[in-house]
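These figures come from a predicted structure and were not determined experimentally. Numbers restart at 1 for each chain; the letters A, B, ... are given by sequence-line order, proteins then strands.
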Amino acid sequence: MFPRALALGYAAVPSSIGEVPDMSVRVRFAPSPTGHVHIGNMRAAIFNWLFARHGGGEFLLRIEDTDRERSTPEALRTIFDAMEWLGLDFDGEPFFQSAHLDAHRAAAGQLLRDGRAYRADKGGLGKGECVVFRMPPEDAVFTDGIRGELRKAAADMSDFVILRADDTPVFHLSNVVDDIAMGITHVIRGDDHIENTFRHVALFRALGAPPPRYAHLPMIVNAQGKPYSKRDGDAYVGDLRARGFHPEAVFNYLTLLGWSPGDDREKLARAEAVRLFTLDRVKSAPAQMDLRKMTHLNAQYVAGMPAADFAAAAREWAQSQAWWREPDETYFRGVCALMQSRTHLYSFIAEWGYFFADDFAYDEKTVRKLLRKEGAGAALRAASAALAETDFSEAAIEAALRAAEKERGIEEGRINQPVRAAATGLAHGAGLYETLALIGKDRVLRRLSRAAEELCGA
RNA sequence: GCCCCCAUCGUCUAGCGGAUAGGACGCCAGGUUCUCAUCCUGGUAACAGGGGUUCGAUUCCCCUUGGGGGUGCCA
């Protein structure tokens with residue numbers, strides 16, 4: 001259902017001379033297939049991936065699908081799509097938690113036999129007896145890879161349910177048993193799990209397994225400084241894609257949320273991030289997403305793409321537009337060359353209609369400001385007449401416009417914007433002469449006449 | 001309530017006892033220019049507060065405040 005490996009070629013990159021790849025590193029990304037892929041989860045996936053690839057270890061995927069009520073195939077698909085989009089290739093086959101319920105129950109049985117757990121009816125709605133883990137009497141302590149030593153007094157912790165009365169395992173049990181089964185060496189997860197970790201460490205010990213190393217990532221919060229909720233539309237990876245972000249830019253931006261290479265570099269190639277990533281450089285304070293900064297980074301990525309790559313990406317976006325007409329490839333490349341540096345997000349491509357068809361939309365404000373003006377119609381007619389006599393080269397277009405201005409007594413350069421508005425419907429865009437030359441003489445003259453007739457005032 | 005975590009410009013961050021507290025986004029001003037974008041130049045703006053420790057605190061410790069998390073037979 002998913003390519004076994006995305007073959008991106010970033011596996012096992014030793015970070016520096018003398019640093020031996022630690023083949024024993026095994027981390028996992030463990031999402032629940034119950035909806036969208038939350039941005040915070042995906043950032044955790046990225047950090048796990050970076051950590052694994054940096055050390056030459058393995059990055060595993062575990063699907064925590066034991067919540068039968070809420071788990072859906074679509075949500076599972078969404079997880080795979082998001083990971084593939086961001087280039088997070090995982091090692092081996094996905095581990096489906098629902099296939100290991102027996103192992104979870106067996107672990108509960110073992111704890112029961114060892115006296116580390118007991119049966120009890122914790123009240124509630126008379127559901128009967130469940131299995132409760134007995135917290136050891138010692139204080140809980142573990143060394144967090146990001147925050148250092150974390151501890152919690154035994155008195156502040158209480159026993160907790162690991163197996164429900166209906167014989168289904170609770171998150172804590174499944175999580176720990178699966179981590180043991182998968183040979184997980186490092187657990188890198190959100191800091192909302194810190195409290196759980198105190199309990200999980202005790203569970204590992206009770207099951208006779210050494211606890212993995214833990215590292216708790218700071219949360220990503222929304223523009224209000226609050227945790228993301230379903231209400232925050234831009235909190236999902238799929239939305240970022242739909243909004244025109246380039247995956248490498250999103251990857252790069254998310255990498256920088258809570259981590260930095262230690263110097264002023266921000267635009268980091270994936271391989272570079274892999275080489276530089278270490279947990280001790282991860283911050284412990286929460287971070288806010290800044291869509292504008294991410295957009296800026298996106299613009300840099302788009303502007304820096306090889307022309308052919310940009311054309312391919314632009315084509316996909318353009319094809320879904322209502323105005324799309326299959327153009328000559330050379331022409332399409334010409335459009336891309338003109339517009340690449342202006343395409344901060346792929347969604348900007350929605351404005352490219354005027355390059356491909358005559359029935360593009362005129363921006364109302366632009367029409368009002370540039371065309372419904374005294375003398376605008378006459379100016380356009382003069383421009384049209386002058387342009388008609390040229391070979392429509394960029395230089396000839398410029399000369400013709402200057403001549404038209406002279407004829408109508410218009411200040412030099414002032415005819416450009418009305419002409420642009422008439423020919424493209426917009427007040428912004430690439431250089432006017434290049435744009436007109438590319439669109440072509442016939443189309444431009446037709447648009448100027450039409451605009452003079454139908455849009456110009458006075 | 002109790003417990004845990006966190007705290008540098010509006011935002012993302014650098015800083016790991018001695019610096020004019022640096023960079024980036026945003027914003028403002030200017031240059032380039034037919035517009036927009038790019039690009040270049042300059043500017044704006046921060047160590048939450050109070051105690052310690054120290055010759056010296058953004059940095060180490062404590063308290064307060066603020067924010068977040070946990071306190072489920074959710075994950």
A:Glu398 and A:Leu401: CA distance, side-chain angles, deciding distance, side-chain contact (heavy atoms from CB on, under 4.5 Å) verdict | CA-CA 5 Å; A:Glu398 181 169 9; A:Leu401 293 183; 6.0 Å; no

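Nearest to the side chain of A:Ser284, among B:G23, B:G10, B:A7, sits B:A7. Out of B:C2, B:G10, B:A75, the shortest distance to the side chain of A:Asp156 is found at B:C2. Of the candidates B:G22, B:C4, B:C74, the closest approach to any side-chain atom of A:Arg70 belongs to B:C74.
Heavy atoms of A:Leu432 sit under 4.0 angstrom from at least one base atom. A:Ala165 comes within contact range of at least one nucleobase, with a heavy-atom separation under 4.0 Å. When heavy atoms are screened at a 4.0 angstrom cut-off, A:Ala421 is found touching no nucleic acid atom at all. Using a 4.0 Å heavy-atom criterion, one finds that A:Gly258 contacts the sugar-phosphate atoms exclusively.
Taking the nucleotide of RNA chain B with the nearest heavy atom to each of A:Ala285 and A:Tyr433, the more 5' of the two is matched to A:Ala285. Place A:Ile194 and A:Thr343 on RNA chain B by their nearest nucleotides, and A:Ile194 ends up nearer the 5' end.
For A:Arg147 against B:C5, a side-chain-to-base donor-acceptor contact under 3.5 Å is absent. Below the 3.5 angstrom threshold, one finds a donor paired with an acceptor across the side chain of A:Arg420 and the base of B:C34.
Taking side-chain N and O atoms only, A:Lys122 has no distance below 4.0 Å to OP1 or OP2 of B:G72. Of the side-chain N and O atoms in A:His296, one or more sit less than 4.0 angstrom from OP1 or OP2 of B:C25.
Taking the six-membered ring wherever Trp is involved, the centroid distance between the rings of A:His104 and A:Phe171 does not fall below 6.0 Å. Note: A:Trp259 and A:Phe51 fail the aromatic proximity criterion, with ring centroids not under 6.0 Å apart.
Of the residues in residues 169-178 of chain A, those lying under 4.0 Å from RNA chain B by heavy-atom distance are A:Val170, A:Phe171, A:His172.
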